[in-house]
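For reference, the structure discussed in these notes is given below.
Any value given below was found using the heavy atoms of this structure, including those in side chains, with hydrogens, waters and symmetry copies removed. Each ligand, and each atom within it, is numbered from 1 in the order the structure gives. Because the structure is a prediction, the values reported are computed rather than measured.
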Amino acid sequence: MARTALVTGGSRGIGAAISQALKDQGCNVAATYAGNDAAAAQFTEETGIKTYKWNVGSYEESTAGIAQVEADLGPIDIVVANAGITRDAPFHKMTPEQWQQVIDTNLTGVFNTVHPIWPGMRERKFGRVIVISSINGQKGQFAQVNYAATKAGDLGIVKSLAQEGARAGITANAICPGYIATEMVMAVPEKVRESIIGQIPAGRLGEPEEIARCVAFLASDDSGFINGSTISANGAQFFV
Ligand SMILES: NC(=O)c1ccc[n+]([C@@H]2O[C@H](COP(=O)([O-])OP(=O)(O)OC[C@H]3O[C@@H](n4cnc5c(N)ncnc54)[C@H](OP(=O)(O)O)[C@@H]3O)[C@@H](O)[C@H]2O)c1
């Protein structure tokens, strides 16, 4: 039976690779995005994967969007909370707006995405929750107090959900990517990017597909005993 998967921020970057990997695995996939209509339209044209636009920071938009996805594709079995943003600044210059935007998208966005889907997973006794955290949630990062706080929070979410969902056949796991070659990372100045690569023992950035393959495994029926775990995919940059 084909599983139905929802990937937030699934139209670009790591999320696009995840959407494609889940489709290749036989899932019916819905990918969401926030506002980049052109990228979403191009993604649908290239992959045949349907996209939906809503802000994960809004509970109302999330519940309405998820209801639409379920009406179109059926009950969601797999949810990948991937949508995320950065608003970097050293702490002494970080504004309350920069703090709040990142909290709303990266942390509250995970709650807003998983919470409406969770009761159905409990009823059907199957679910796969995968949250895309970050190496910087594990180790902290200069100028990312807001981002690191949300990504560390993501790990607390999956460890707690794992305990709540285990008896209902639901697993919740996180992936902590290191630096991956997406627009988010390619947008930083070249000099900074070179210095980042210098800190990665693998000597290169990761590819979105390398994260997508981790997600595809965690989303599969075979991964049922892996619950509450964190997979680090960072080219040996950091160990916990
Ligand atoms: N790239 C890395 O090196 C790296 C490393 C560690 C962790 N991560 C994490 O991996 C995830 C994906 O990163 P990425 O580099 O692939 O990002 P990206 O290329 O910037 O893509 C972000 C995606 O999220 C969507 N999005 C952003 N804000 C949203 C909102 N409020 N509501 C709904 N969708 C929203 C975007 O939609 P639009 O297209 O409409 O903007 C886009 O589809 C993020 O959680 C990020 O923190 C990335």
Side-chain angles (χ1 to χ4, degrees), residues 6-21 29-44 47 49 51-62 64-66 69 79-88 100-113 130-141 144 146-155 157-158 174-188 192-193 196-197 199-200 202 204-212 214-215 230-235 237-238:
L6 175 72
V7 184
T8 65
S11 64
R12 286 199 292 119
I14 294 171
I18 293 170
S19 299
Q20 184 64 57
V29 181
T32 81
Y33 69 104
N36 191 334
D37 296 317
Q42 190 184 341
F43 173 76
T44 299
T47 63
I49 294 170
T51 53
Y52 296 81
K53 177 159 118 177
W54 72 78
N55 173 14
V56 296
S58 158
Y59 192 77
E60 289 68 30
E61 286 186 35
S62 297
I66 286 163
V69 169
V79 56
V80 186
N82 164 77
I85 59 168
T86 52
R87 295 289 183 269
D88 296 353
Q100 200 58 50
Q101 283 171 4
V102 173
I103 295 287
D104 288 349
T105 303
N106 298 11
L107 190 61
T108 308
V110 177
F111 176 85
N112 293 344
T113 300
I130 299 146
V131 181
I132 307 303
S133 174
S134 169
I135 185 175
N136 292 344
Q138 296 172 303
K139 71 173 189 58
Q141 177 62 27
Q144 286 198 330
N146 50 2
Y147 184 83
T150 62
K151 295 300 182 177
D154 288 342
L155 303 183
I157 290 175
V158 299
I175 296 173
C176 286
Y179 287 87
I180 309 298
T182 67
E183 283 171 41
M184 187 186 262
V185 166
M186 298 318 268
V188 306
V192 177
R193 205 163 58 244
I196 289 171
I197 292 171
Q199 294 161 34
I200 305 172
R204 64 172 178 87
L205 298 172
E207 295 298 329
E209 291 73 20
E210 293 181 297
I211 305 306
C214 297
V215 173
T230 300
I231 295 182
S232 296
N234 62 32
Q237 189 179 355
F238 184 74

statement: Shortest non-hydrogen pair, C176 vs T230, comes out as SG-CG2, 3.5 Å

task: Look at ligand 1 and say whether K53 reaches it with a heavy atom at a distance under 4.0 Å.
output: no

message: Using a 3.5 Å distance criterion without hydrogens, assess whether the side chain of T8 forms a donor-acceptor pair with backbone atoms of A83.
response: yes

message: Test your reading of the model: is there a side-chain donor-acceptor pair from N136 to the backbone of Y147, 3.5 Å cut-off?
response: no

- prompt: For atom 32 (N) of ligand 1, which protein heavy atom lies nearest, and how many Å away is it?
  reply: V56 N, 3.0 Å

field: Flag, side chain of N106 to backbone of I85, donor-acceptor distance under 3.5 Å
entry: yes

query: Which heavy atom of V215 sits nearest a heavy atom of I175, and at what distance?
result: CG2-CD1, 3.4 Å

- request: Could you tell me whether Y147 approaches ligand 1 through its side chain, its backbone, both or neither, with non-hydrogen atoms closer than 4.0 Å?
  value: side chain

query: Any donor-acceptor pair under 3.5 Å linking the side chain of N234 with the backbone of P177?
result: no

Subset of ligand 1 atoms that lie under 4.0 Å from at least one heavy atom of N82: 10 (O), 11 (C), 12 (C), 44 (C), 45 (O)

query: Say you draw a straight line from CD1 of I135 to CD of Q141; how long is it, rounded to the nearest 0.5 Å?
result: 8.5 Å

task: Any atoms of ligand 1 less than 4.0 Å from a non-hydrogen atom of V185? List them with their elements.
output: 1 (N), 2 (C), 3 (O)

query: Quick check: does any side chain N or O of T32 sit under 3.5 Å from a backbone N or O of G9, one acting as donor and the other as acceptor?
result: yes

query: Should the proximity of T182 to ligand 1, defined as any heavy atom under 4.0 Å, be assigned to the side chain, the backbone, both, or neither?
result: side chain

query: Hey, is P177 touching ligand 1 through its side chain, its backbone, both or neither, going by heavy atoms under 4.0 Å?
result: both

task: Check each atom of ligand 1 against the heavy atoms of W54 and keep those under 4.0 Å away; list them by number with element.
output: 32 (N), 33 (C)

Main-chain N/O of N55 paired to E61 side chain as donor or acceptor, under 3.5 Å: yes

message: Just so I know, are the side chains of F111 and I157 near enough to count as touching, which here means a heavy-atom distance under 4.5 Å?
response: no

- prompt: Side chain or backbone of I14 under 4.0 Å from ligand 1, or both, or neither, by non-hydrogen atoms?
  reply: both

- prompt: So which protein heavy atom does atom 29 (C) of ligand 1 come closest to, and at what separation?
  reply: A34 CB, 3.4 Å

field: Proximal ligand 1 atoms for N36, defined as those under 4.0 Å from one of its heavy atoms
entry: 38 (P), 39 (O), 40 (O)

- prompt: Going from NZ on K139 to CD on Q237, what distance comes out if it is rounded to the nearest 0.5 angstrom?
  reply: 6.0 Å

- prompt: What protein heavy atom is closest to atom 10 (O) of ligand 1, reported as residue, atom name and distance in Å?
  reply: I132 CG2, 3.4 Å

- prompt: Between S19 (side chain) and G10 (backbone), is there a donor-acceptor pair under 3.5 Å?
  reply: yes

field: Under 3.5 Å donor-acceptor, T51 side chain and A31 backbone
entry: no

- request: Using a strict cut-off of 4.0 Å, indicate which atoms of ligand 1 neighbour a heavy atom of Y179.
  value: 3 (O)

Top protein contact for atom 3 (O) of ligand 1, by heavy-atom distance: I180 N, 2.7 Å

task: For atom 40 (O) of ligand 1, state which one of S133, G35, A17, G13 supplies the nearest heavy atom.
output: G35

- request: May I ask you to identify, for N55, whether its side chain, its backbone, both or neither come under 4.0 Å of ligand 1 on a heavy-atom basis?
  value: both

message: Residue-level breakdown please: for I85 versus ligand 1, do any non-hydrogen atoms fall below 4.0 Å on the side chain, on the backbone, on both, or on neither?
response: side chain

task: Just need the protein heavy atom nearest to atom 5 (C) of ligand 1, so name the residue and atom and give the distance.
output: G178 O, 3.0 Å

query: Closer than 4.0 angstrom: is that true for some heavy atom of P208 and an atom of ligand 1?
result: no

- prompt: Counting heavy atoms only, which of R12, Q101, K151, M186 is nearest atom 38 (P) of ligand 1?
  reply: R12

field: Distance from atom 24 (O) of ligand 1 to nearest protein heavy atom, with residue and atom
entry: G9 CA, 3.3 Å

- prompt: N82 side chain to I132 main-chain N or O, any donor-acceptor pair under 3.5 Å?
  reply: no

message: Could you identify the single nearest non-hydrogen protein atom to atom 17 (O) of ligand 1 and state the distance to 0.1 Å?
response: M184 CE, 4.0 Å

task: Could you tell me the residue and atom name of the protein heavy atom closest to atom 43 (O) of ligand 1, and the distance to it rounded to 0.1 Å?
output: S11 OG, 3.2 Å

